[in-house]
Visitor: 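Let me begin by handing over the structure; questions about it come next.
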Amino acid sequence: MSIYDTLNREQKEAVMTTEGPLLILAGAGSGKTRVLTHRVAYLIDEMGVNPWNILAITFTNKAAGEMKERVGNIVDNGDSVWVSTFHSACLRILRRHIYLLGYDNNFTIYDTDDQKTLIKNICKRLDIDPKKFKERLFMNGISSAKDSLLSPEEYRMSAMGDLTKQMISKVYFEYQDALRQSNALDFDDIICKTVELFKANPEVLDNYREHFKYIMVDEYQDTNTAQFELIRLLAEKYRNLCVVGDDDQSIYKFRGANIRNILDFEKHFPEAKVIKLEQNYRSTENILAAANAVIKNNIGRKEKALWTDKGNGEKIHFRDFESAYEEAEYVSDDISRHVRKGGKYSDCAVLYRTNAQSRLLEEKMVHDGIPYQVVGSINFYSRVEIKDVLAYLKTIDNAKDDIALRRIINVPKRGIGATTIEKIADYAYQNSITMYDAMCRADEIPTLGKAAAKINGFVNMIRVFRSGLESYTLPDLIKAVIEKTGYDAYLEETYDESFEEREENVDELISKAEAFEEENEEADLTSFLADVALVADIDSVDENDDRVLLMTIHSAKGLEFESVYLTGMDDGVFPGFMTITTGNDEDMEEERRLAYVGITRAKKELTLTHAKARMVRGEMQYSAVSRFVKEIPGELLDNRLPQSRRFDSYDDPIPLQPVNFDPRPRATLRKKVTRDEDKPFIAKGISSLNNLAGLSKGGAALSVEKPDYDIGDRVKHIKFGTGTVEDMTKEPRDYKVKIMFDDAGPKIMYASFAKLKKV
DNA sequence: CTCCTTTGTCTTTTT
DNA sequence: GACAAAGGAG
């Protein structure tokens, strides 16, 4: 009996088809990870392929690590297989060869924040009105140009007759120049510079073609044009390319993912063999039926028939709530119940469409003492304090990085203000040198005056760090930076409330540097910075922790849980308001695929929740049950939808508009709200809001009416306990109350949401 | 140059 | 409700 006997017929066929192009259409939960690992093992053990000749691309670092581990469990010399993400694989290649494109091999990586800062600076220099042209527009424009491998020149050609595009083209040129000047690459560059490298240097490409004779790509449906081109270049010679994907799970169009890559695979590789994996080993029949019922509303997909032998299982739970607050309460309570029955916290995942929705859930879990981890929202490495420290390291490592330099030049404060910085930037720009080089010549810049002394001090400090680079270990270097710059003290005086947490984060960074040195032989500063730039938040999840995971559905891709809560199943939240109003079918289909991904994360239990009202950007939003819930046959749910809604067709726009929908531009609406606050429209909104918050009991329906407590009264809050009302001010829409809580200290809150009870 | 307040803006998903 | 930018005072 061999390890391959545990595979089903199709899986076995996929594992044993080692030569030529192969497309594996792997439905959700069909065991594709097993297929991939076994395929690697089979190549090595049975086909005698050198592990070094295998390249496997995964979607996250975490997935790469897991696959490496599993392969290592099956075969002896699995270590030399390249298993990594597109970005880390390309990074490894570029570190060796990018000098051929005129960059230094110790280039830095710009994340989205850095990108934005750079574009902002460019816009300022080009005198672009930020009100008319938003940075976002340029970022998206440039990014999608790069995703489709358009150089600034090519983009300019395509921009003919389109004023906005011409504008983007201008910025794109400047942006690319600035990146080169700073010896930096952005995320997209990591891929497309590799393609550029291969195209410009056939001998390098050939070298890697010989290296990677067998290539596998996971989550193929989410590759973009640049990634496809990269793979095509590498695989063209030996044509041993195996891609695994599911067109129904393509959810990264916004990031340039091109669903045609999977739909047209057989056109690009006519000799390709196609294998469908349709048996689902993850979910019960009910969950699968729900997923199938939703996804079948999409057109233009590859037909698949997922099935399972796991039996019906429990019905899908559907719960409808008056407010997002109650929704969070239910989810939290239900998880507690699950644990009381002997389950684990880590069996459960709470998923939502947008990161902002995590807040209420989190509060509730803190309150109930449920251990949880929020994945996403703010990546560890994008916290300000971490970015600051990293900016120091970047400046020490690669002094060409202007963005990093600008970040720390006056943090902590050392008396170098905005005017001085702009003078340096101007001088640098005029002389085509980096800002750091300009600062080294501070005495030659006439306009600086006495600020020059401060700049010399800064430059000297960086020089000292740099001279210590040889002798310091990474953690020591970070510690030295924090000490010499007085960064700890700076944190304490800048963030009076959160400084402890921030200091812990910095300590965490030091431990990560320690771990990095242990794991890597060549643990130099450059590679540490690169490693850190490509870490996704999901990579930090440890299965052995018994915690509930909270994350977006996007982050949950590739994961599975015993019990999944899909929260915020509201029309307007999921699918998003924008998708509904623009009426773009493609966008709606992508949202639907996202729903499909969410549903299919569940193994045994699936709970869908909807809240009739929730706060979105400070305003109450009312919504109907998500159309995706309505696409699930009623008999699969344990709780029928409310009759009136259930049989509404959602083609009919009127009943499904959020109650406060108003076609006027926001600004107009807002002004009106503040000016005549007791128009029926508003009054109605507020009173129903009060009902939802459970405040109508005392008869005080309108929140503009005074609460039943006053300054000096003792009140009780559900989370903060008892306290004394210190101040109360009437605002147009609500009362703002300041309370000194006995335990939690002073808080300012709005009366209608605080749910304060007089004691 | 720095600190504070006020004003305005907000499509969401991430390597 | 959260955050960045802008404006004004010290």
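FYI, side chains are in, hydrogens and waters are out, and symmetry mates aren't considered; it's all heavy atoms of this structure. Each chain gets a letter, A, B and so on, in the order its sequence line appears, and its residues count up from 1.
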Visitor: Aromatic ring centroids of Phe254(A) and His554(A) under 6.0 Å?
Guide: yes
Visitor: Report yes if some heavy atom in the side chain of Arg383(A) is under 4.5 Å from a heavy atom in the side chain of Ile386(A); otherwise report no.
Guide: yes
Visitor: Reckon Thr552(A) has a side-chain N or O less than 4.0 Å from the OP1 or OP2 of dT14(B)?
Guide: yes
Visitor: How many whole angstroms separate atom OH of Tyr490(A) from atom P of dT2(B)?
Guide: 11 Å
Visitor: Categorize Asn410(A) for me: base, sugar-phosphate, or nothing, with a 4.0 angstrom heavy-atom threshold over every strand shown.
Guide: sugar-phosphate
Visitor: For Arg353(A) and dT11(B), give me the distance from atom CZ to atom P, rounded to whole Å.
Guide: 14 Å
Visitor: So does Glu586(A) have more than 12 non-hydrogen atoms from other groups sitting under 6.0 Å from CD?
Guide: no
Visitor: So what's the dot-bracket for DNA chain B: Watson-Crick or G-U pairs under 3.5 Å, [ ] if a pair crosses, | if it pairs off-strand?
Guide: ||||||||||.....
Visitor: What is the nucleic acid contact for Thr579(A), judged by heavy atoms within less than 4.0 Å: base, sugar-phosphate only, or nothing?
Guide: nothing
Visitor: Between atom CE in Met588(A) and atom P in dT12(B), what is the gap in whole Å?
Guide: 17 Å
Visitor: Using atom OH of Tyr352(A) as one end and atom C1' of dT13(B) as the other, report the distance to the nearest whole Å.
Guide: 12 Å
Visitor: Using whole Å, what does the distance between atom C1' of nucleotide dT9(B) and atom CD of Glu619(A) come to?
Guide: 13 Å
Visitor: Using whole Å, what does the distance between atom P of nucleotide dT15(B) and atom OH of Tyr220(A) come to?
Guide: 21 Å
Visitor: Name the closest nucleotide to the Arg255(A) side chain, picking from dT15(B), dT11(B), dT2(B).
Guide: dT15(B)
Visitor: Contact between Phe228(A) and Asn258(A) at the side-chain level, heavy atoms closer than 4.5 Å - yes or no?
Guide: no
Visitor: Say you pick atom P in dT13(B) and the same atom in dA4(C); how far apart are they, in whole Å?
Guide: 16 Å
Visitor: Do Asn505(A) and Glu385(A) meet the criterion of a side-chain donor-acceptor pair at a distance under 3.5 Å?
Guide: yes
Visitor: For a quick check of understanding: with a heavy-atom distance under 4.0 Å over all strands, which category does Phe86(A) fall into, base, sugar-phosphate or nothing?
Guide: nothing
Visitor: Strictly distance-based, threshold 3.5 Å: is any side-chain N or O of Asn261(A) a donor or acceptor partner for the main-chain N or O of Thr223(A)?
Guide: yes
Visitor: What about Phe59(A) and Tyr252(A), are their ring centers closer than 6.0 Å?
Guide: yes
Visitor: Could you check how far CG of Asn140(A) sits from P of dT13(B), rounded to whole Å?
Guide: 13 Å
Visitor: Between Asn121(A) (side chain only) and Leu118(A) (backbone N and O only), is there a donor and an acceptor less than 3.5 Å apart?
Guide: no
Visitor: Among dT12(B), dT15(B), dA2(C), which nucleotide sits nearest the side chain of His87(A)?
Guide: dT15(B)
Visitor: Which one, dT15(B), dT2(B), dC10(B), comes nearest to the side chain of Ile538(A)?
Guide: dT15(B)
Visitor: Give a yes/no answer on whether the side chain of Lys120(A) brings an N or O atom under 4.0 Å of OP1 or OP2 in dA5(C).
Guide: yes
Visitor: Heavy atoms under 4.0 Å, any strand shown: does Gly415(A) hit a base, just sugar-phosphate, or nothing?
Guide: sugar-phosphate
Visitor: With a non-hydrogen cut-off below 4.0 angstrom, is Lys253(A) in contact with a base, only sugar-phosphate, or nothing?
Guide: nothing
Visitor: Tell me yes or no: between the side chains of Thr112(A) and Gln115(A), is some donor less than 3.5 Å from an acceptor?
Guide: no
Visitor: Using only side-chain N and O atoms of Ser555(A), determine if any of them is under 4.0 Å from OP1 or OP2 of dT13(B).
Guide: no
Visitor: For dC10(B), does either OP1 or OP2 sit under 4.0 Å from a side-chain N or O belonging to Lys134(A)?
Guide: yes
Visitor: Is Arg359(A) near enough to dA2(C) that one of its side-chain N or O atoms lies under 4.0 angstrom from OP1 or OP2?
Guide: yes
Visitor: If you assign Ala451(A) and Met578(A) each to the DNA chain B nucleotide with the nearest heavy atom, which residue ends up on the more 5' nucleotide?
Guide: Ala451(A)
Visitor: Toward the 5' end of DNA chain B, which comes first, Gly376(A) or Thr420(A), by nearest nucleotide?
Guide: Thr420(A)
Visitor: For dT14(B), does OP1 or OP2 lie under 4.0 Å from any side-chain N or O of Asn355(A)?
Guide: yes
Visitor: Check the distance between dT13(B)'s C1' and Met139(A)'s CE and give it to me in whole angstrom.
Guide: 14 Å
Visitor: For the base of dT13(B) and the side-chain ring of Phe254(A), does the geometry meet a stacking cutoff of under 5.5 Å between centres and under 30° between planes?
Guide: yes
